[in-house]
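Working notes for the structure below.
Scope of the values below: all heavy atoms of this structure, side chains included, with no hydrogens, waters or symmetry mates.
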Amino acid sequence: MIDRRHVLTAISGAVAASALPTRSWATADAPGLDFVYEAIVTLEPTQEFGPTPLGTRRRIPITGGSFAGPRIRGTVLAGGADWQLQRADNWTVIEADYMMRTDDGTPIHVRNVGLTNSRVPGAPSRYLRTVPSFEAPTGPHDWLNQAIFIGTLGPPPQDAPKPSVRIHVYRVT
């Protein structure tokens with residue numbers, strides 16, 4: 001038996017659905033990317049800590065580097081590290097934590113978490129993406145506190161110090 005409440009609920013749902021715009025949500029709300037900076041980060045050799053219940057743990061000390069983009073530039077400070085966990089499925093979780101200092105002297109804390117399949121034998125393509133987050137003091141660089149960013153990691157330029165890595169960071173718009 002259909003009661004009045006069910007009929008009214010169905011009618012109100014149909015009216016609400018017909019009021020939605022007919023645009024494609026997938027393209028209308030698709031985010032864009034703005035280039036923020038490129039960093040060349042120098043590293044010490046990888047330290048292997050061996051297997052754990054969660055996977056194989058590694059640490060890669062960060063020894064310095066530089067970064068530059070349209071709105072920001074400076075140096076990567078020594079003392080940070082990239083902690084990696086190679087899981088049982090051969091995907092590696094990346095968790096880097098380090099400090100940068102801009103050319104105007106502003107210290108910025110960076111935490112960069114990501115995922116890669118670079119060690120997966122026979123993988124059809126390499127996947128290596130990160131989500132950097134920043135903690136910048138109030139002032140000219142606090143825009144870093146007010147957005148979501150994504151990053152890519154790749155080999156350094158030919159003339160870069162070895163070992164090192166190239167990081168590209170983009171702001172999601």
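By the 6.0 Å contact criterion, CD1 on Ile148 is open, its count of non-hydrogen atoms from other residues, nucleotides or ligands being 12 or less.
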Output side-chain donor-acceptor pairs under 3.5 Å for residues 60-70, partner residues at least two apart or in another chain, one line each.
| unit_1 | atom_1 | unit_2 | atom_2 | d |
| --- | --- | --- | --- | --- |
| Thr63 | OG1 | Thr42 | O | 3.2 |
| Thr63 | OG1 | Thr42 | OG1 | 2.7 |

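In this structure, Leu115 CG and Arg87 CZ are separated by 5.5 Å, a value rounded to the nearest 0.5 Å. Remark: Glu135 CD to Arg111 CZ distance equals 12.0 Å, nearest 0.5 Å. Note: Gln84 CD to Arg57 CZ = 9.5 Å, rounded to the nearest 0.5 Å. Separating the CG atom in Leu144 from the OG1 atom in Thr102 is a distance of 9.5 Å, to the nearest 0.5 Å. Once rounded to the nearest 0.5 Å, the distance linking OG1 of Thr75 with CE of Met99 reads 10.5 Å. We find the NE2-CG distance between His168 and Leu153 to be 10.0 Å, quoted to the nearest 0.5 Å.
Scanning both residues, Tyr170 and Phe35, for their nearest heavy atoms gives CD2-CA, 3.7 Å. Pairing each heavy atom of Tyr98 with each of His109, the nearest pair is O-CD2, 3.5 Å. Taking all atoms of both residues into account, the shortest heavy-atom contact from Arg171 to Val36 is N-CG2, 3.4 Å. Here the closest heavy-atom approach between residue Pro156 and residue Lys162 is recorded as CG-NZ, 4.0 Å. Here the closest non-hydrogen pair linking Met100 and Phe134 is CE-CE2, 4.2 Å. Here the closest non-hydrogen pair linking Glu95 and Asp82 is N-OD1, 3.6 Å.
Using a 4.5 Å cut-off between side-chain heavy atoms of Ile, Leu, Val, Met, Phe, Trp and Tyr, with links allowed through other members, Ile108 and Ile40 fall into different hydrophobic clusters. Side-chain heavy atoms closer than 4.5 Å link hydrophobic residues (I, L, V, M, F, W, Y) into clusters, and following such links, possibly through other members, connects Val169 to Trp143. Leu128 and Ile167 fall within the same hydrophobic cluster, defined by Ile, Leu, Val, Met, Phe, Trp and Tyr side-chain heavy atoms under 4.5 Å apart, directly or through other members.
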Q: Quick one: do Arg129 and Ile150 satisfy side-chain contact (heavy atoms from CB on, under 4.5 Å)? Show the steps, please.
A: CA-CA 7 Å; Arg129 298 291 182 262; Ile150 64 166; 5.5 Å; no

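Not a single donor-acceptor pair under 3.5 Å links the side chain of Thr130 to the backbone N or O of Asn112. Asn117 places a side-chain N or O within 3.5 Å of a backbone atom of Tyr127 that can act as its donor or acceptor partner.
With contacts defined as side-chain heavy-atom distances shorter than 4.5 Å, the pair Phe149/Tyr37 does not qualify. Side-chain atoms of Asp104 and His141, non-hydrogen and from C-beta on, do get closer than 4.5 Å to each other.
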